Amino acid sequence: MSNLSYLFANTTYAPPKQIILAGGKLTVYKRPQSAQYQCRFKLANNKWHSASTGTVDIEQAKIQAFAIYETVKIKTDAGLAITTKTFKQIALDEIANMSSALANNTGRRCYRDYIFATNKYLIPFFGKYEVVKITTEMLCDFDAWRISEMGKIPVASTKRNHASAYIRVVNLARERGYVGHNRSVPLLDAKGKRSQPRPAFTNEEMKELLCYTETWQKSSYTERTRQMRTLCIAYIEFLVNTGVRHGTEALRLRWKHLQWHWIGNKKYLRIWVSGKTGPRYLIAKHEVIKVLERMMRWHKLDYTNLNGVIEAKLDKAIFCLPDNTQISNMENIFRNLMVRSKMRVDSGGLNRTLYSLRHTYATQALANGIDIHTLAKQMGTSVGMIEKHYSKMTATMAAERLA
């Protein structure tokens, strides 16, 4: 008998690892490597809510779990947020979600624009506030602040991107219970002024500009400036003869992206590009071959002509300095050329940028009779965008054929 008493006296009571309460609606449990008990239950939106009971005692944990359950129920019934986080905290989570989707090739192309808008404008302005505390007055203040940051009134497409990025953050906050299910959050205005087509160069202006580049290059005040201007000149000739987007597409190009495309006994230069609308092949004008062979000699590549580089599939950036440095201020260099050549402003009073070269390519292609479906594929855009920006000029350009 004494042995049995000794045996029972040294037996340790082990509380259960999981207890079901409130008719199966509430669970009290322990996580691995955690001393304190947790509780979990489903919210009205069918999402799980978990919280720590803050105690290692099972009986106290039950009492605390009931208190947490009832408090959350009261808050959700009243349309109040269960927990709170700042706009920045939620926005960073949403950025991580979109970045992950892009990395896995499951994200939409517009996610890059949303990520940029969130980092550049939404977080700096709304970051420290809770989503539920954003007011209509704050949105009006944001509109004014954004104009001062951008230095201009945003066009409709920009406002739509910002509004869509903002909605994604609000929706994530609502999904996670930071915004009550019956609590409204004011939304950003997605309407803006219609975008204007970027200014282009006429054929005569383009010839005049290319003639002036020799004078501009010779006037360089340092060797580094001369090299950057040499690169910019080649870049200009490439853009206006391919319609490639500045920056996102052109600056990423490598020699290995060049191929010959044969039709019968004729060959054409085919270029693989990837940017805003995904990857595509385009056919470059014949003038581009001379531009690229000039770049080969400038880079002192060990090939006699473009054939050699294409066959070698050289994995090296095209638009870089001879020391392989890629510059990030190409737009500033081009602006200097525009000012020095007195061609900065077009006849409509709009400032020309590197993107004007893409607009010039499209204008010339339509004038030469290229149909909008072919042009849309070549430029990596939609037929709708071509019609939107160029439909007013196509009839005029085709006047001779129409008459």
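Computed from a prediction, not measured in an experiment: that's the story for all the values here.
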Work out which heavy atom in [X] is nearest to a heavy atom in [Y]; give both atom names and the distance.
X      : Y      : value
Ile310 : Leu258 : CG2-O, 3.7 Å
Asn305 : Glu293 : CB-OE2, 3.5 Å
Ile68  : Ser52  : CD1-O, 3.6 Å
Thr118 : Pro124 : O-CD, 3.9 Å
Met343 : Glu205 : CE-O, 3.3 Å
Leu375 : Ala362 : CD2-O, 4.0 Å

Side chains of [X] and [Y]: closer than 4.5 Å at any heavy-atom pair?
X      : Y      : answer
Trp255 : His299 : yes
Pro154 : Ile147 : yes
Lys285 : Val240 : no
Gln227 : Pro322 : yes
Tyr69  : Cys39  : no
Phe238 : Ile318 : no
Lys128 : Thr86  : no
Lys85  : Val131 : no

Any ion pair linking [Y] and [X] (charged N to carboxylate O, less than 4.0 Å)?
X      : Y      : result
Asp113 : Arg160 : no
Arg280 : Glu249 : yes
Asp346 : Arg352 : no

Spatial distance of atom [atom1] ([X]) from atom [atom2] ([Y]) [nearest 0.5 Å]:
X      : Y      : atom1 : atom2 : answer
Thr202 : Gln364 : OG1   : CD    : 9.0 Å
Trp272 : Lys256 : CH2   : NZ    : 8.5 Å
Ile333 : Ile327 : CD1   : CD1   : 3.5 Å
Lys159 : Ile153 : NZ    : CD1   : 8.5 Å
Arg297 : Leu292 : CZ    : CG    : 11.0 Å
Asn241 : Ile236 : CG    : CD1   : 11.5 Å

Donor-acceptor pair, distance only, cut-off 3.5 Å: does the side chain of [X] make one with the backbone of [Y]?
X      : Y      : result
Thr53  : Tyr37  : yes
Ser34  : Lys30  : no
Gln326 : Leu251 : yes
His257 : Arg254 : yes
Thr242 : Ala284 : no
Thr106 : Ala101 : yes

Below 30° counts as parallel, above 60° as perpendicular, anything between as tilted: where do the rings of [X] and [Y] land?
X      : Y      : value
Phe125 : Trp145 : tilted
Phe116 : Tyr121 : perpendicular
Tyr166 : Phe126 : tilted

Requested in this report: Apply the test side chain to side chain donor-acceptor pair (under 3.5 Å) to residues Arg358 and Tyr355: give CA-CA distance (whole Å), side-chain angles for both, the deciding distance (0.1 Å), then the verdict.
Outcome: CA-CA 5 Å; Arg358 178 172 162 88; Tyr355 212 95; 3.3 Å; yes

Requested in this report: Kindly confirm or rule out a cation-pi arrangement of Arg340 over Tyr212, judged by NZ or CZ under 6.0 Å from the six-membered ring centre and within 45° of its axis?
Outcome: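 Arg340 over Tyr212 ring: no.
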
Query raised in the report: Which residue, Lys377, Gln259, Arg270, forms the side-chain hydrogen bond (donor to acceptor under 3.5 Å, both in side chains) with Tyr281?
Result: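 In the set Lys377, Gln259, Arg270, the residue that makes a side-chain hydrogen bond (donor to acceptor under 3.5 Å, both in side chains) with Tyr281 is Gln259.
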
Requested in this report: Before giving the answer on side chain to side chain contact (heavy atoms under 4.5 Å, CB included), spell out for Val170 and Glu94 the whole-Å C-alpha distance, their side-chain angles and the decisive distance to 0.1 Å.
Outcome: CA-CA 10 Å; Val170 172; Glu94 181 56 26; over 6 Å; no

Requested in this report: I would like to know whether Asn97 and Leu172 meet side chain to side chain contact (heavy atoms under 4.5 Å, CB included); could you show each step before the answer?
Outcome: CA-CA 10 Å; Asn97 292 340; Leu172 182 60; 4.1 Å; yes

Requested in this report: Evaluate the side chain to side chain contact (heavy atoms under 4.5 Å, CB included) criterion for residues Phe41 and Val72: first the C-alpha distance (whole Å), next the side-chain angles of each, then the deciding distance (0.1 Å), finally the verdict.
Outcome: CA-CA 10 Å; Phe41 48 90; Val72 169; 3.7 Å; yes

Requested in this report: Please name all residues satisfying salt bridge (Lys or Arg N to Asp or Glu O under 4.0 Å) with Arg146, sequence neighbours left out, ordered by chain then number.
Outcome: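 Salt bridge (Lys or Arg N to Asp or Glu O under 4.0 Å) check on Arg146 returns Asp143.
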
Query raised in the report: Mind checking whether His359 and Phe201 have ring centres under 6.0 Å apart?
Result: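 Aromatic pair excluded; centres sit 6.0 Å or further apart.
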
Query raised in the report: When you look at Glu208 and Ser341, which way does the side chain to side chain contact (heavy atoms under 4.5 Å, CB included) test go after all the steps?
Result: CA-CA 9 Å; Glu208 182 183 340; Ser341 64; over 6 Å; no

Residues 56-66, side-chain donor-acceptor partners within the protein, below 3.5 Å, at least two apart:
unit_1, atom_1, unit_2, atom_2, d
Asp57, OD2, Glu59, N, 3.2
Asp57, OD2, Gln60, N, 2.9

**Report entry** Set of residues satisfying side chain to side chain donor-acceptor pair (under 3.5 Å) with respect to Asn336, sequence neighbours excluded
**Finding:**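 If we apply the side chain to side chain donor-acceptor pair (under 3.5 Å) test to Asn336, skipping adjacent residues, the hits are Trp216, Arg229.
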
Requested in this report: Please check if atom OH in Tyr129 has more than 12 non-hydrogen atoms from other residues, nucleotides or ligands closer than 6.0 Å.
Outcome: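 12 or below, so no.
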
Query raised in the report: Would you say Asp302 has more than 12 foreign heavy atoms packed within less than 6.0 Å of its CG?
Result: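 Open: at most 12 neighbouring heavy atoms sit under 6.0 Å from CG of Asp302.
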
Can you list the residues that meet the side-chain contact (heavy atoms from CB on, under 4.5 Å) rule with [X], with sequence neighbours excluded?
X      : answer
Arg112 : Leu102
Glu331 : His246, Phe334, Arg335, Thr353, Leu354
Gln217 : Arg226, Thr230, Ile233

Requested in this report: Output, in order, the C-alpha distance, side-chain angles, deciding distance and verdict of side chain to side chain donor-acceptor pair (under 3.5 Å) for Asn307 and Lys267.
Outcome: CA-CA 11 Å; Asn307 286 331; Lys267 67 178 181 180; 3.2 Å; yes

